[in-house]
Protein chains: 2
Amino acid sequence: MNNLTNTKKDNASDITLDEKDIAILQLLEEDAKMTIRDLAARLNLSATPVYERIRKMEQAGVIRQYAAIVDPSKIDKALTVLCYISLKEHGKKAGGKFIKEITSFPEVMECLNISGQFDFMLKVQVKDMYAYHEFNVNKLGELDNIRHMESVFVMSVIKATHRVVY
Amino acid sequence: MNNLTNTKKDNASDITLDEKDIAILQLLEEDAKMTIRDLAARLNLSATPVYERIRKMEQAGVIRQYAAIVDPSKIDKALTVLCYISLKEHGKKAGGKFIKEITSFPEVMECLNISGQFDFMLKVQVKDMYAYHEFNVNKLGELDNIRHMESVFVMSVIKATHRVVY
DNA sequence: GGTGAAACGAATCTTTC
DNA sequence: GAAAGATTCGTTTCACC
């Protein structure tokens with residue numbers, strides 16, 4: 001199933017991170033609006049090296065982006081569904097077509113190529129069960145390469161973070 | 001951020017969002033560093049109303065936080081595992097204990113209470129298979145309320161976004 | 001590698017209309 | 001909604017450790 005996806009393109013330069021870089025990342029993961037001066041004060045550094053470290057990590061792709069995190073329930077997208085899919089054909093062409101279509105759906109927040117009985121796990125964010133049904137019928141139902149599908153519903157979110165640095 | 005210490009409307013303040021609010025959210029979800037002036041120019045507004053709308057959405061909890069999104073593979077956390085867990089006891093006390101312990105693990109990025117044969121899905125972000133084994137033995141293995149566990153490995157990430165506004 | 005200070009343009013935020 | 005002002009921030013540059 002490896003031929004379904006491109007092996008990653010490393011156009012960004014590699015970089016070695018020390019403890020101070022890690023500390024900066026941890027703080028920015030929690031609050032990207034923290035100023036360089038605040039970061040410098042917390043790390044007992046001056047502003048210049050902090051600024052340079054951030055710039056390098058941005059350039060190297062360590063920091064992919066700065067994002068506002070929106071609460072789904074506040075914008076009428078309260079239902080999260082995990083949708084497991086296995087394909088009929090796993091060839092490069094058929095798999096690529098599936099990927100292209102799946103990624104174009106805004107309801108699909110995440111699409112992971114996984115081990116086990118299914119090929120993909122989708123995380124779908126919609127308003128309610130009716131909206132998920134519509135998504136299933138009108139979008140997934142239009143795809144011709146799906147062998148099997150299974151929906152797992154998220155009843156409550158115990159933990160959800162973007163932090164990967166620890 | 002000053003609005004973390006707001007004096008008014010601390011409770012579940014509901015808010016009605018119009019098309020302009022939605023447009024602001026969509027832009028900030030992609031680039032939180034976009035300036036208020038840029039946003040104003042894009043929406044054919046002046047800076048003041050854009051500033052006020054953002055402030056209100058921050059206060060109402062629509063915008064939960066501003067975060068730097070870090071690439072896991074660049075910080076030596078290249079392996080993602082979905083870990084499915086069912087408990088022995090589902091009582092409030094036993095479940096609460098499990099939740100408290102699970103959320104304290106930094107490797108656990110996500111913990112979802114789900115429908116189906118398992119109770120929880122964990123998204124675990126670690127360095128490699130060895131680190132996952134260590135996590136399994138030393139952390140999950142120490143929990144006494146686990147009936148069954150199953151690991152699904154993420155082979156590649158097709159799509160990963162935090163965008164929920166569309 | 002780092003400090004500390006200084007400076008400019010641009011941003012945020014408050015006030016007033 | 002707009003406009004203007006005060007304040008703070010990001011950014012670059014410098015001499016120096």
Side-chain angles (χ1 to χ4, degrees), chain A residues 12-71 74-75 162-163 165, chain B residues 1-10 13-71 74-76 162-163 165:
Chain A
S13 52
D14 264 9
I15 184 175
T16 47
L17 305 174
D18 61 15
E19 317 77 45
K20 285 171 184 172
D21 291 317
I22 297 295
I24 290 172
L25 287 179
Q26 286 180 325
L27 291 167
L28 290 181
E29 274 187 323
E30 281 305 299
D31 182 10
K33 293 276 197 212
M34 187 170 283
T35 68
I36 291 174
R37 289 180 171 92
D38 283 343
L39 288 167
R42 287 240 206 171
L43 302 174
N44 288 99
L45 286 176
S46 65
T48 313
V50 174
Y51 172 76
E52 283 301 321
R53 283 164 182 270
I54 292 174
R55 199 185 55 79
K56 277 175 188 164
M57 290 193 286
E58 287 171 350
Q59 249 185 280
V62 176
I63 297 174
R64 270 208 338 232
Q65 66 170 330
Y66 298 95
I69 307 300
V70 175
D71 185 339
K74 299 280 173 108
I75 56 154
H162 304 85
R163 292 197 58 161
V165 184
Chain B
M1 206 157 304
N2 306 332
N3 41 25
L4 287 179
T5 57
N6 60 333
T7 50
K8 48 184 178 180
K9 284 189 177 180
D10 285 286
S13 48
D14 264 9
I15 186 175
T16 48
L17 305 174
D18 61 14
E19 316 77 46
K20 284 170 184 171
D21 292 317
I22 297 294
I24 291 172
L25 286 179
Q26 285 181 326
L27 291 167
L28 289 181
E29 273 188 322
E30 280 306 298
D31 182 10
K33 293 274 198 218
M34 186 169 285
T35 68
I36 290 176
R37 284 186 171 85
D38 284 343
L39 289 167
R42 288 239 205 172
L43 303 175
N44 287 100
L45 288 175
S46 68
T48 314
V50 174
Y51 174 74
E52 285 299 322
R53 283 165 182 272
I54 293 174
R55 198 184 55 82
K56 279 175 187 164
M57 290 193 288
E58 288 170 351
Q59 264 185 252
V62 176
I63 298 174
R64 271 208 338 236
Q65 66 166 331
Y66 298 95
I69 307 299
V70 174
D71 186 338
K74 299 281 171 103
I75 56 155
D76 219 22
H162 45 275
R163 289 197 61 160
V165 184

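Just so it is clear, the structure is predicted and the values come from calculations on it, not from any experiment. Below, chains carry the letters A, B, ... as their sequence lines are ordered, and counting in each starts from 1.
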With sequence neighbours excluded, tell me which residues meet side-chain hydrogen bond (donor to acceptor under 3.5 Å, both in side chains) with B/Arg64. none
Please enumerate all residues that pass side-chain contact (heavy atoms from CB on, under 4.5 Å) together with A/Thr48, with sequence neighbours excluded. A/Ser46
To the nearest Å, give me how far apart CG (A/Leu39) and C1' (D/dT11) are. 15 Å
Summary of salt bridge (charged side-chain N to carboxylate O under 4.0 Å, His left out) pairs that have at least one residue in residues 40-52 of chain A, sequence neighbours excluded: A/Glu52-A/Arg55
Under the rule for side-chain hydrogen bond (donor to acceptor under 3.5 Å, both in side chains), what residues qualify as partners of A/Glu58, not counting sequence neighbours? A/Tyr66
Within the sub-3.5 Å range, which N or O atoms of nucleotides 3-5 of chain C have a protein N or O partner, and how far apart are they?
unit_1	atom_1	unit_2	atom_2	d
C/dT3	OP1	A/Ser46	N	3.1
C/dT3	OP2	A/Ser46	N	3.1
C/dT3	OP2	A/Ser46	OG	2.7

Who are the side-chain contact (heavy atoms from CB on, under 4.5 Å) partners of B/Asp31, not counting sequence neighbours? B/Lys33, B/Met34
Close approaches to DNA chain C from residues 20-32 of chain B, in residue order (heavy atom, under 4.0 Å): none
With B/Gln26, which residues qualify under side-chain hydrogen bond (donor to acceptor under 3.5 Å, both in side chains), at least two apart? none
Which residues in residues 63-71 of chain A have a heavy atom closer than 4.0 Å to any atom of DNA chain D? none
Both distances under 3.5 Å, Watson-Crick or G-U wobble: on that basis, could you give the dot-bracket string for DNA chain C, with [ ] for crossing pairs and | for other-strand partners? |.|||||||||||||||
Please report the distance, rounded to the nearest Å, between CD1 in B/Ile36 and C1' in D/dA3. 15 Å
Looking at B/Arg55, does any N or O in its side chain come under 4.0 Å of the phosphate oxygens OP1/OP2 on C/dT12? no
To the nearest 0.5 Å, tell me how far B/Leu28 CG sits from B/Arg163 CZ. 11.0 Å
Run the side-chain donor-acceptor check on residues 15-23 of chain A: report pairs under 3.5 Å with partners two or more places apart or on a different chain.
unit_1	atom_1	unit_2	atom_2	d
A/Asp18	OD1	A/Lys20	N	3.1
A/Asp18	OD1	A/Asp21	N	3.0
A/Asp18	OD1	A/Arg53	NH1	2.8
A/Asp18	OD2	A/Arg53	NH1	3.1
A/Asp18	OD2	A/Arg53	NH2	3.2
A/Asp21	OD1	A/Arg53	NH1	3.0
A/Asp21	OD2	A/Asp18	N	3.2
A/Asp21	OD2	A/Arg53	NH1	3.3

Considering residues at least two apart in sequence or located in another chain, which fulfil the side-chain hydrogen bond (donor to acceptor under 3.5 Å, both in side chains) criterion with A/Asp38? A/Thr35
Rounded distance in Å - CD1 (A/Ile54) to P (D/dC9): 14 Å
